[in-house]
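Here is the structure we will look at.
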There are 2 protein chains.
Amino acid sequence: MRVHVVGTGLIGTSLGLALTRHGDEVTLEDAIPTHAALARDLGAGRLPTAGEEPDPELVVVAAPPDVVARCVLGALVRFPEAAVTDVASVKGTVLAAVRAAGGDTTRYCGSHPMAGRERSGAVAGRHDLFDGRAWVLTPTPDTRPEVTARVAEVARATGAAVREVPPDVHDRAVAAVSHVPQLAASLVAARLEDLDEDAVALAGQGLRDVTRIAASDPHLWTQILAGNARAVRAVLTGLADDLTAVVAALAALEAGDDAPGARGTIARTIAAGNAGQARIPGKHGGASTVYETVRVLVPDEPGQLGRLFADVGEIGANIEEFHLDHGLGQDFGVAEVDVVPAAAAALAEGLAGRGWRIHG
Amino acid sequence: MRVHVVGTGLIGTSLGLALTRHGDEVTLEDAIPTHAALARDLGAGRLPTAGEEPDPELVVVAAPPDVVARCVLGALVRFPEAAVTDVASVKGTVLAAVRAAGGDTTRYCGSHPMAGRERSGAVAGRHDLFDGRAWVLTPTPDTRPEVTARVAEVARATGAAVREVPPDVHDRAVAAVSHVPQLAASLVAARLEDLDEDAVALAGQGLRDVTRIAASDPHLWTQILAGNARAVRAVLTGLADDLTAVVAALAALEAGDDAPGARGTIARTIAAGNAGQARIPGKHGGASTVYETVRVLVPDEPGQLGRLFADVGEIGANIEEFHLDHGLGQDFGVAEVDVVPAAAAALAEGLAGRGWRIHG
């Protein structure tokens, strides 16, 4: 397929690299010509020659969130035969802007590859960035089926798994599963900014997990959250209501030991979290599966994890999830090996028999 | 040392198992005699014989949070020569109750082992539960130094690393690094309870990390949060203020594109999260270290992780952190191998040379 990529940052360059390897014909452009030339040098595609106008079957707009709609509209006018997609994390605002400006929505199908890195720019591009990730397509009733099919074909060519949902469903979904979690992680992490060193030192794995994504880029996230303001605010308002109830319950408990209803409010909050957490799909996007965790003490020396996994392989257990945690001031870590419940006892026994210390 | 353990749930039984292995003389009791007998059968210590009154050097109260203060007071009266500690997650309320009742605070030193499991009860007990974990001691100016030393000796005998902080500092610290993160995880996870299946299916690793601890026990956490109401509410109020500002900023952005200041509010929120997250200690409780992540595609077959770690060992890289993530609808996972920055390039190259697919 002939694909024209507009915007050669992390996503555009990675897409160019993937499609070039797949055998597609990729042309590149960027508002900053040096960026496009860099992506070209990295092997992401070629630049149009002087005076050449590309003739793409598909245009992929991979520009920063704030300028995506303008670029999509430009592409629809400039390439009247092409299908056009974009890869922004929010779909409703782009679609509304395209419609408001009278763009040809029969040739537009928004999309969102659920892939990224903590680094940005063409040099961070990877040909396999989309491999094994979801790529959401958000066609509207206006979108011609062959346009959607072309976007799906390109997404699959990168190794991604394609899902189709309406734009508003996508935006409400990512508000709950991505944008609000990002804000919550940032708000929790922000509490640590002025904490004493002694207090921060008590941090455990729970805090590390909750705040990992708080390291994300403020500029990018400001554009994403502003672009999905309505859906994010709807989810946040529900969260804020629950938070207000918990704060009131804690205030009642502070004021007097009896505090009727206060403990019930807190217990219901934690129980609602249990129920929500249990819905998160496990491995392979299937229904949530409950695994059993076998914890193993791993000395902090090169080769120990290799020995551990060789032993797990010998025992014949298939690892579903794996996490390595480090203790405070100790020269070893705790490996959490998640396996299907039926395999847990044999794994723990087999590892203990091979000299591993199984941890509580 | 002669140690008497009051309460033979997960923590009390694990402590008995650890100290018995260490060669200490452990006696056990529980409000429910069957529970104490079970812990005895598991090897956690012995039960006092009929008519025998134990003569411990240290009493460890490992009862549920709500009854800890009463048990501490009882132990101070019943064993007038013994040092007494407890292992509750909140220290200020226990101390206040002991003081209010006129308990002998010269022989009391609160403590808090930072260890636990997702299961509870004596049968979940492990002799190595405290191995490599922090065990916080919270002596007051009243506490006699030899009492604190006795608690520290027992904590170290279990393999834990001892830290000393005042009770109020401990409670404020765990409010920020443990109790508020728990509530935030629950509040985010609760948003998923009524979400469409299609929306939940878009969940990625970020959401999984933020909500992992939302699976915690509502009964235990209600006691913990109620016991630390003041400190938790102080941290939550700061979080709620920031949240209100973000919701207002989003409302302004919904109302009109211009919304002066709204984007600044959001960017500052994410940036404050960056700063707080960077303070979390890394491996071995040291200052936060920035590692470089090498991502490797791992086919979903037994033995593949063993091969990966054997190769990493051969290349000579020391793994600092390791996480395995699974793609949606694909038969492989993405292993994130964190190493010191100086080792990353050689590791990626070495793995690629051994046939591994390095992932963006």
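What you see is a predicted model; the values in this text were computed from it and never measured. Throughout, a chain's letter reflects where its sequence line sits, starting with A, and its residues are numbered from 1.
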**Item:** Engaged part of A/Asp196 at the chain B interface, taking heavy atoms whose separation is under 4.5 Å
**Value:** backbone
**Asked** Between B/Gln223 and chain A, which part of the residue has a heavy atom less than 4.5 Å away: side chain, backbone, both or neither?
**Response** neither
**Item:** Per-residue contact mode, A/Thr269 against chain B (heavy atom under 4.5 angstrom)
**Value:** both
**Heavy-atom pair count under 4.5 Å with chain B, highest-scoring of A/Leu207, A/Asp217, A/Leu183, A/Val136** = A/Leu207
**Which atoms of A/Ala310 approach chain B - backbone, side chain, both or neither, heavy atom under 4.5 Å** = backbone
**Asked** Which bit of A/Leu195 is near chain B, if near means a heavy-atom gap under 4.5 Å: side chain, backbone, both or neither?
**Response** both
**Message:** For A/Ala262, which atoms come within 4.5 Å of any heavy atom of chain B: side chain, backbone, both, or neither?
**Reply:** neither
**Asked** Checking heavy atoms, do the side chain of B/Val247, its backbone, both or neither come under 4.5 Å from chain A?
**Response** both
**Prompt:** Looking at side-chain heavy atoms only, is the closest gap between A/Leu202 and B/His112 below 4.5 Å?
**Reply:** no
**Message:** Counting only non-hydrogen atoms closer than 4.5 Å, does A/Ser14 touch chain B with its backbone (N, CA, C, O), its side chain (CB onward), both, or neither?
**Reply:** neither
**Part of A/Asp194 lying under 4.5 Å from any heavy atom of chain B** = backbone
**Asked** Taking A/Ala203, A/Ala173, A/Ala199, A/Pro218 one by one, which has the highest count of heavy-atom pairs under 4.5 Å against chain B?
**Response** A/Pro218
**Complete:** If you tally heavy-atom pairs under 4.5 Å between each of A/Leu243, A/Ile213, A/Thr244 and chain B, the highest tally belongs to A/Leu243
**Message:** Tell me every residue that passes salt bridge (Lys or Arg N to Asp or Glu O under 4.0 Å) with B/Glu314, counting only those two or more places apart in sequence or in another chain.
**Reply:** B/Arg354
**Asked** Is any side-chain heavy atom of B/Leu253 less than 4.5 Å from a side-chain heavy atom of A/Arg233?
**Response** no
**Whether B/Arg126 side chain and A/Ile358 backbone form a donor-acceptor pair below 3.5 Å** = yes
**Most chain B-contacting option - heavy-atom pairs closer than 4.5 Å, from A/Leu308, A/Val165, A/Leu192** = A/Leu192
